[in-house]
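Keep in mind that the numbers below use all heavy atoms, side chains included, and drop hydrogens, waters and symmetry copies. We number each residue from 1, following the sequence as shown.
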Amino acid sequence: MRGAASAVIPIAIFVLILGFTIVPKPVDVALLFIVGAGFIIVGLAVFTLGADLAMTPMGDALGTLATKKRNLVLLVFLGLISGFIITIAEPGPIVLAEQTPNIPALILIIAVAIGVGIFLAIGLVRTALNLHSRPILLVSYGVLFALACFASGDFLPLAFDAGGATTGAMTVPFILALGVAVARSSGGGRSNSFGLIAICSIGPIIAVLILSLIYSPEGTSVLPAMHVPSYGYTNMLLAEFFAMISTYIWEVSLSLIPIVLLFAVAKILAVKLKVFAIQSWQVEARQIAKIIIGALFTFGGLVLFLTGANVGFLLAGNLLGESLASLSHRWLLVPIGTVLGFLVITAEPAVRVLNKQVTEITSGAISQKAMRWSLAIGVATAVGLSMMRVLTHLPIMWILVPGYALALGLSFFVPKKFTSIAFDAGGVASGPLTSAFLLPFAIGASIALEGNVAADAFGLIAMVALTPLITIQMLGLIHIHKTRRSKS
């Protein structure tokens with residue numbers, strides 16, 4: 001709980017200071033934001049605990065089962081099914097899809113889930129065969145940018161956003177554990193599992209770009225301004241949250257049940273394949289009980305998080321962006337957005353999971369502090385640049401093309417593990433809080449400036465996913481320089 005509070009409270013304090021000084025907000029919106037922050041703190045704490053107890057062991061068990069008989073067909077099938085199912089349960093794509101102006105949320109989520117499933121299968125095969133991730137990244141990004149040449153302009157920012165929003169607090173521990181299990185069984189070492197999240201992040205981008213070629217959205221890409229609610233009493237405000245809780249209980253149930261069923265099937269197959277010895281039944285029973293408890297924690301935490309994010313944070317972020325863009329000094333969007341980006345990255349739960357894994361697997365060669373600062377600088381820069389895009393209507397490809405060219409170019413000069421970790425971090429940095437607060441912030445600013453929301457505001461998540469690729473590989477160059485100096 002302390003970790004979640006220390007991550008969210010600085011954001012809440014900064015936003016409230018802005019609300020009482022530069023851009024005053026209605027009292028009801030401030031109260032919604034404060035209560036939403038409370039929901040998010042509790043939800044993050046419970047969800048993170050549940051993910052540790054359930055998602056990581058389930059990923060490890062599935063990876064062990066798939067590699068028991070070294071059957072690549074089984075591994076591909078596991079990647080397709082588990083990638084699809086785990087994405088359906090991830091909060092980031094859900095929050096993103098609900099803000100997309102003219103594409104039904106279900107269509108977008110299914111397309112993203114298919115993309116993750118296909119590329120998770122590719123990534124698992126790569127891990128099992130001990131292949132370098134760079135050729136796969138180069139080919140995949142080549143296909144991606146080729147498709148981008150034919151995609152609708154309004155789809156481009158959304159497609160890149162989908163890649164960043166997908167890998168969050170649900171998928172990261174699961175995919176990391178799955179990759180570690182496959183790497184361990186293949187004899188490639190745990191560090192060979194890095195790069196799996198990066199490969200999975202490409203799938204949704206390609207899937208949405210293909211969707212843009214076959215699906216014609218209806219309506220307009222311009223979103224109306226959000227309705228500001230008015231509550232006469234505090235109990236009416238709280239009723240708004242509890243009304244949404246019932247909605248998310250149903251949605252989260254539909255998301256988590258397939259994951260639990262997949263794990264149950266895996267356990268049954270494990271018994272038939274005699275993966276576990278008779279003497280380990282007591283250990284297995286304890287592990288299953290632990291996973292069930294973890295799944296319940298994950299369920300409760302996800303319900304609370306989505307409620308707090310969508311009822312409290314989304315509206316506050318939208319109105320903050322709209323108010324700042326309406327000022328005579330609208331350039332304040334850039335520095336304030338930069339500070340918000342710096343604060344939000346510390347609150348993303350999946351970032352902590354990756355930082356911990358990196359420190360453990362590299363035996364401290366890459367410290368959590370170095371990772372944290374590299375990500376914070378990268379994300380702060382990304383949000384600042386995104387606010388410049390909202391103000392200037394700069395096409396996103398003018399930033400993404402040179403940005404990815406630089407990131408892929410750096411991969412030829414830094415150690416393999418830094419490249420894999422950097423591309424993984426890009427997917428992890430853009431989590432559910434980015435979708436629930438920073439993206440609405442950009443949308444509100446774009447609405448106030450009467451811009452094209454689909455072209456100007458969307459793309460922020462993509463920018464957040466891009467910058468860590470560069471900053472962490474720059475960390476790799478610094479590491480090389482220090483190593484050479486110590487040897488000389």
Side-chain angles (χ1 to χ4, degrees), residues 7-8 10-16 18-19 23 33 36-37 40 44 91-100 157-158 160-169 223 226 305-306 308-310 312-325 332-351 375-391 396 399 425-449 451 453-454 456-468:
V8 176
I11 304 171
I13 292 174
F14 182 68
V15 172
L16 289 175
L18 291 175
V23 281
F33 180 74
I40 287 177
L44 274 177
I94 297 173
V95 176
L96 174 65
E98 290 175 348
Q99 298 178 77
T100 305
L158 174 63
F160 283 93
D161 278 354
T166 301
T167 45
L223 289 174
M226 280 194 169
F305 176 87
L306 288 173
N310 284 283
F313 266 41
L314 194 146
L315 175 62
N318 187 281
L319 291 179
L320 177 61
E322 186 176 340
S323 300
L324 284 171
L332 286 171
L333 277 169
V334 177
I336 290 176
T338 301
V339 174
L340 286 174
F342 186 89
L343 294 175
V344 164
I345 189 61
T346 63
E348 291 290 5
V351 170
L375 286 171
I377 292 171
V379 172
T381 303
V383 179
L385 288 173
S386 296
M387 292 304 101
M388 288 184 62
R389 284 191 60 242
V390 171
L391 291 171
I396 191 170
I399 298 176
V428 171
S430 48
L433 272 179
T434 305
S435 302
F437 186 72
L438 293 180
L439 181 58
F441 176 70
I443 289 174
S446 181
I447 290 173
L449 296 171
V453 172
D456 298 337
F458 283 86
L460 181 145
I461 300 174
M463 299 283 290
V464 169
L466 167 64
T467 48

Please report the shortest heavy-atom distance between [X] and [Y], naming the atom on each side.
X	Y	value
L460	D161	N-OD1, 3.5 Å
A457	L439	O-CD1, 3.8 Å
A325	A445	CB-O, 3.6 Å
L333	G321	CD2-O, 4.0 Å

Can you tell me how far [atom2] of [Y] sits from [atom1] of [X], rounded to the nearest 0.5 angstrom?
X	Y	atom1	atom2	value
L18	L324	CG	CG	6.5 Å
L332	M387	CG	CE	13.0 Å
L466	I461	CG	CD1	14.0 Å
L314	L319	CG	CG	9.5 Å
F441	S386	CZ	OG	10.5 Å
R389	I396	CZ	CD1	4.5 Å

Any side-chain heavy atom of [X] within less than 4.5 Å of one from [Y]?
X	Y	answer
L449	L391	yes
L320	L340	yes
V464	V383	yes

- Mind checking whether F313 and F33 have parallel, tilted or perpendicular rings, split at 30° and 60°? parallel
- Apply the test side chain to side chain contact (heavy atoms under 4.5 Å, CB included) to residues V453 and I447: give CA-CA distance (whole Å), side-chain angles for both, the deciding distance (0.1 Å), then the verdict. CA-CA 7 Å; V453 172; I447 290 173; 3.9 Å; yes
